[in-house]
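Quick caveat, the model's predicted, so the values are computed rather than measured.
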Amino acid sequence: MRQFALMIAVSSTVAPAWAGEWRVLTGDEVRAALEGRRLVYGTGAWQDFSASGRTLYNAGHDSWGYWGVRDGKYCSVWPPSDLWACYALESDGEAIRFVGGAGEVTTGRYAEPEE
């Protein structure tokens with residue numbers, strides 16, 4: 001039941017009219033899709049996106065960075081680097097994928113809310 005509720009929440013948050021087809025998200029949609037959420041990647045890694053602009057990535061250990069929306073894209077920086085990397089963000093209504101400039105793709109699914 002919880003999975004069904006999550007699917008409804010994700011679909012209605014992102015855009016139910018196009019569920020099942022990948023669509024590039026706009027700047028406001030990027031923020032709405034990520035802010036306050038956790039994505040889980042196929043490798044078992046996960047990432048939290050806080051409203052403050054901080055992001056926590058964990059693939060066995062914590063790595064803190066910053067995220068934001070620039071020119072309608074998801075962008076992040078991971079100290080000690082000060083170089084921002086930006087990706088187009090796409091959604092099919094159930095998953096999010098990050099598409100880099102060279103066409104590389106990373107897909108994540110929303111984590112179920114903790115009870």
Phe98 and Tyr41 aromatic ring geometry - parallel, tilted or perpendicular at 30°/60° bounds: tilted

Looking at Tyr57 and Asp48, would you say the former's side chain and the latter's main chain have a donor-acceptor pair under 3.5 Å? no

Cation-pi geometry met for Arg37 and Tyr110 (6.0 Å, 45°): yes

Looking at every heavy atom in both Val30 and Gly72, which two are closest together, and how far apart are they? CG2-O, 3.8 Å

Residue pair Ala33 / Ile96: nearest heavy atoms and the distance that separates them: CB-CD1, 4.0 Å

Should Glu94 and Arg109 be marked as a side-chain contact (heavy atoms from CB on, under 4.5 Å) after you check the CA-CA gap, both sets of side-chain angles, and the distance that decides it? CA-CA 7 Å; Glu94 296 180 11; Arg109 296 203 174 273; 3.8 Å; yes

Please report the C-alpha distance between Glu21 and Asp92 in whole Å, then the side-chain angles of each, then the deciding distance to 0.1 Å, and finally whether the side-chain contact (heavy atoms from CB on, under 4.5 Å) criterion is met. CA-CA 5 Å; Glu21 297 178 23; Asp92 69 352; over 6 Å; no

Asn58 side chain to Gly60 main-chain N or O, any donor-acceptor pair under 3.5 Å? yes

Minimum heavy-atom separation for Val77 and Leu83, please, with both atom names. CG2-O, 3.5 Å

Working note: Trp84 + Tyr66, criterion side-chain contact (heavy atoms from CB on, under 4.5 Å); need CA distance, chi angles, decisive distance, verdict. CA-CA 9 Å; Trp84 287 80; Tyr66 297 91; 3.9 Å; yes

Taking the six-membered ring of Trp67 as reference, does the NZ or CZ atom of Arg31 fall below 6.0 Å from its centre and within a 45° cone about the axis? yes

Linking I/L/V/M/F/W/Y whenever any side-chain heavy atoms sit under 4.5 Å apart, do Tyr87 and Leu89 land together? yes

Check whether any side-chain N or O of Glu29 sits under 3.5 Å from a backbone N or O of Gly27 as a donor-acceptor pair, and report yes or no. no

Can you tell me if Asp28 has over 12 outside heavy atoms packed within less than 6.0 Å of its CG? no

